Enquirer: 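Take this structure first; my questions come after.
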Amino acid sequence: MPELPEVENVRLTLQNILPKGSRFKNVQLNRPDLRFPFPDKLAEKLKGQTLLDIRRRAKYLVFETEKYFLISHLGMTGSWRALEAAETHDHLVWEFENAPTLVFNDPRRFGFISLYEKSVTPSHFVDLGPEPLSDDFHADYLFQVSRKKNTPLKSFLLDQKTVAGLGNIYVCEALFMSGLKPTRKAQSLKQVESVRLVKAIKEILKQAIKAGGSTIRDYKNAEGKSGEFQQRFRVYGREGENCRKCRKPIRMIRQSGRSTFWCSQCQK
DNA sequence: CTCCGATCCTGATGGC
DNA sequence: TGCCATCAGGATCGGA
């Protein structure tokens, strides 16, 4: 489900729901695990903790309390939302002293929650590449890390070590916007092309964040609102439809088990 | 080390 | 209507 723009919108809406200083009153686990077991003694540890900030790194949400970084990954179908009252079949329920109850639900259970003392760097973050919207992500960087990479551009950009936060939708859209063919080897990237590609990635992500992310099927932010960016897709999910630029039919191929959508006329 | 396929899991959808 | 196959926004693991 959620790539960087969706997770960023979940973060923004969570910030509206939970003011800084909200204190955990009760934590209820309705099953022992999601993708991984819930952290040991999660409920006991969180009770009484005060929420200091809600951040995002790549596709991870980071809840900061006095003692902990609590990491939430949404997998494909994970969602946070505010509830008026408790009593629910959701997987995780958080009650606060002075804020609405928050629930996490994840039908496919590819998401997870983990908890770290603040002195520890969460293991999920160790091998992550730069944030795509930060100054650390620039054309020289992308050009350098693409040298000797024999993998297709598509897989290269999906790899969170290259740049952290892109998923299937935004990789397809960024490759279209920059006019690059998804099957090309990463090492074939020219310097001028890496400039175009970095610009396209930043542009697409900014537009998508502003549009509230993309809702293909069931994505909603924490306030229950769907995204709008799917209305502006140029290639994703448009197999057989005409390219908005050249009118040639959009193609779909399979790369590393994922669908790739692209235009054979516009992308070289 | 690099790269790819298989895998975790449920639910929605389309063909017969 | 019912049943089965296919597909899905992600990340990790193991083998080639």
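Here the structure is a predicted model, which means the values were calculated and not measured. Chain letters run A, B, ... following the sequence lines, proteins first and then strands; every chain starts at 1.
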Enquirer: On DNA chain B, compare the nucleotides closest to A/Q255 and A/R31; which residue's is nearer the 5' end?
Expert: A/Q255
Enquirer: Using a 4.0 Å heavy-atom cut-off across all strands, classify A/Y236 as base, sugar-phosphate, or nothing.
Expert: sugar-phosphate
Enquirer: Could you tell me how far apart A/L4 (CG) and C/dA11 (C1') are, to the nearest whole angstrom?
Expert: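 So the CG-C1' distance, A/L4 to C/dA11, works out to 16 Å.
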Enquirer: Tell me, please, the opening and closing nucleotides of DNA chain B, 5' to 3', among those with an atom under 4.0 angstrom from a non-hydrogen atom of chain A.
Expert: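 Under 4.0 Å from chain A, the extent on DNA chain B is B/dC3 to B/dT10.
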Enquirer: Decide ring pair (Phe, Tyr, Trp, His ring centres under 6.0 Å) for A/F69 and A/Y116; before the verdict, give the C-alpha distance in whole Å, the side-chain angles of both, and the deciding distance to 0.1 Å.
Expert: CA-CA 5 Å; A/F69 288 131; A/Y116 292 86; 8.5 Å; no
Enquirer: Are the side chain of A/Q144 and the backbone N or O of A/D140 linked by a donor-acceptor pair below 3.5 Å?
Expert: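 Not a single qualifying donor-acceptor pair exists.
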Enquirer: Without decimals, in angstroms, what is the distance between A/F233 CZ and C/dA8 P?
Expert: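 Whole-Å distance recorded here is 13 Å.
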Enquirer: Over all strands shown, is A/H73 touching base, sugar-phosphate only, or nothing at heavy-atom distances under 4.0 angstrom?
Expert: sugar-phosphate
Enquirer: Using a heavy-atom cut-off of 4.0 Å across all strands, would you classify A/P5 as base, sugar-phosphate, or nothing?
Expert: nothing
Enquirer: In whole angstrom, what separates A/Y60's OH from C/dT12's P?
Expert: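 Interatomic distance, OH of A/Y60 to P of C/dT12: 5 Å.
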Enquirer: Got a sec: does the NZ of A/K47 have more than 12 other heavy atoms crowding it under 6.0 Å?
Expert: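 Yes - once you tally the heavy atoms of other residues, nucleotides and ligands closer than 6.0 Å, there are more than 12.
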Enquirer: Count the heavy atoms of every other residue, nucleotide or ligand shown that sit under 6.0 Å from NZ of A/K67, and state whether that count exceeds 12.
Expert: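 No, because the 6.0 Å sphere around NZ of A/K67 holds 12 heavy atoms or fewer from other groups.
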Enquirer: Write down the distance separating the P atoms in C/dT6 and B/dA6, rounded off to the nearest Å.
Expert: 14 Å
Enquirer: Expressed as a whole number of angstroms, how long is the span from A/F112:CZ to C/dG10:P?
Expert: 13 Å
Enquirer: What stems involve DNA chain C, if each pair must be Watson-Crick or G-U and both of its distances must be under 3.5 Å, with 3 or more such pairs in a row?
Expert: B:2-8 with C:10-16, B:10-16 with C:2-8
Enquirer: What I want to check is whether the side chains of A/K220 and A/S79 have a donor and an acceptor closer together than 3.5 Å.
Expert: no
Enquirer: Has A/F110 got its ring stacked on C/dA11, by the test of a centre gap below 5.5 Å and a plane angle below 30°?
Expert: no
Enquirer: Can you tell me how far CG of A/D106 sits from CZ of A/F112, rounded to the nearest 0.5 angstrom?
Expert: 11.0 Å
Enquirer: Can you measure A/I169 atom CD1 to C/dG9 atom C1' for me and round it to whole angstrom units?
Expert: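 Spelled out: CD1 on A/I169 to C1' on C/dG9 is 5 Å.
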Enquirer: Can you confirm whether more than 12 heavy atoms, excluding those of A/K225, are under 6.0 Å from its NZ atom?
Expert: no
Enquirer: Against A/E64, only a single residue in A/R56, A/R55, A/K20 fulfils salt bridge (charged side-chain N to carboxylate O under 4.0 Å, His left out); can you say which?
Expert: A/R55
Enquirer: Determine the contact category for A/R35: base if any of its heavy atoms lies under 4.0 Å from a base atom, sugar-phosphate if only primed atoms, P, OP1 or OP2 are that close, otherwise nothing.
Expert: base
Enquirer: For A/R254 and A/S259, which I'm curious about, is there any donor-acceptor pair between the side chains at under 3.5 Å?
Expert: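 Yes, a side-chain donor-acceptor pair sits under 3.5 Å.
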Enquirer: Given C/dA11, C/dA8, C/dG10, identify the nucleotide with an atom nearest to the side chain of A/Q160.
Expert: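 From the listed options, C/dA11 comes nearest.
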Enquirer: So, OP1 or OP2 of C/dG9: does either fall under 4.0 Å of a side-chain N or O from A/R108?
Expert: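 The answer is no; no side-chain N or O of A/R108 sits under 4.0 Å from OP1 or OP2.
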Enquirer: Let me know, please, whether A/K149 or A/R217 comes out on the 5' side of the other along DNA chain B by nearest nucleotide.
Expert: A/K149
Enquirer: Could you give the CG-to-C1' distance, from A/L34 to C/dT12, as a whole number of Å?
Expert: 16 Å
Enquirer: What is the distance, rounded to the nearest whole Å, between atom CG of A/L74 and atom P of C/dG10?
Expert: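 Rounding to the nearest Å, CG of A/L74 and P of C/dG10 are 11 Å apart.
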Enquirer: Step by step, would you call A/Y60 with A/F125 a ring pair (Phe, Tyr, Trp, His ring centres under 6.0 Å)?
Expert: CA-CA 9 Å; A/Y60 299 89; A/F125 297 171; 5.4 Å; yes
Enquirer: Classify the nucleic acid contact of A/D106 as base, sugar-phosphate or nothing, counting any heavy atom under 4.0 Å across all strands shown.
Expert: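 It contacts nothing in the nucleic acid.
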Enquirer: Nearest whole angstrom, please: distance from the P of C/dG9 to the CZ of A/F229.
Expert: 16 Å
